[in-house]
Amino acid sequence: MAEEKEMYGYEDEDIITLEYDDGEEEECGILGVFDVEDKDYIALNPLGTSEVYIYGYKEYEEDFELIDDITNEEFDKAIAEFEKLIDADLVEVEQ
């Protein structure tokens, strides 16, 4: 499995496993953590896909929490900020 993860460009420490209520698990690469209006969010990429999941994010000393009960307004702002960050990265690479 480690070889497969390397194919997607993530190091082991940049991969987390989401565990859903139905028992299903999904490995995701961490695209980044970012701030919107004093709240942290995390962008995740399910391995082998082009999808992006956005969750609220809270970090503790030795652990973290994903928060999925954010309002539509918060989610829309997080998506807009993530898209700005992606666009900014693309511009920097092209210069």
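The first residue of the sequence shown is numbered 1, and numbering continues consecutively from there.
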I'd like to know if the side chain of Asn45 reaches the main chain of Glu51, judged simply by a donor and an acceptor atom lying under 3.5 Å from each other, with no hydrogens or angles considered. yes
For atom CG of Asp21, decide whether the heavy atoms of other residues, nucleotides or ligands shown that lie under 6.0 angstrom number more than 12. no
How long is the span from the CG atom in Asp69 to the CZ atom in Phe75, to the nearest 0.5 Å? 13.5 Å
Are any of the side-chain heavy atoms of Leu18 and Tyr55 separated by less than 4.5 Å? yes
Main-chain N/O of Thr71 paired with Glu74 side-chain donor or acceptor, under 3.5 Å: yes
Hey, mind stepping through Tyr60 and Glu65 against side-chain hydrogen bond (donor to acceptor under 3.5 Å, both in side chains) and telling me if it holds? CA-CA 8 Å; Tyr60 304 103; Glu65 176 183 8; 2.7 Å; yes
Tyr41 side, atom OH; Leu66 side, atom CG - distance, nearest 0.5 Å: 13.0 Å
Basic-acidic side-chain contact under 4.0 Å: Lys77, Glu73: yes
Side chains of Ile42 and Phe64: closer than 4.5 Å at any heavy-atom pair? no
So CD of Glu26 and CG of Leu44: to nearest 0.5 Å the spacing works out to 9.5 Å
Are any non-hydrogen side-chain atoms of Lys84 and Asp87 less than 4.5 angstrom apart? no
Over all atoms of both residues, closest heavy-atom pair of Cys28 and Pro46: SG-CA, 3.7 Å
Distance-minimising heavy-atom pair for Asp35 and Glu81: O-CG, 4.0 Å
If I compare all heavy atoms of Ala43 with all of Phe82, which pair ends up nearest, and what's the gap? CB-CE1, 3.4 Å
Side chain proximity check, Lys58 to Asp40, heavy atoms < 4.5 angstrom: no
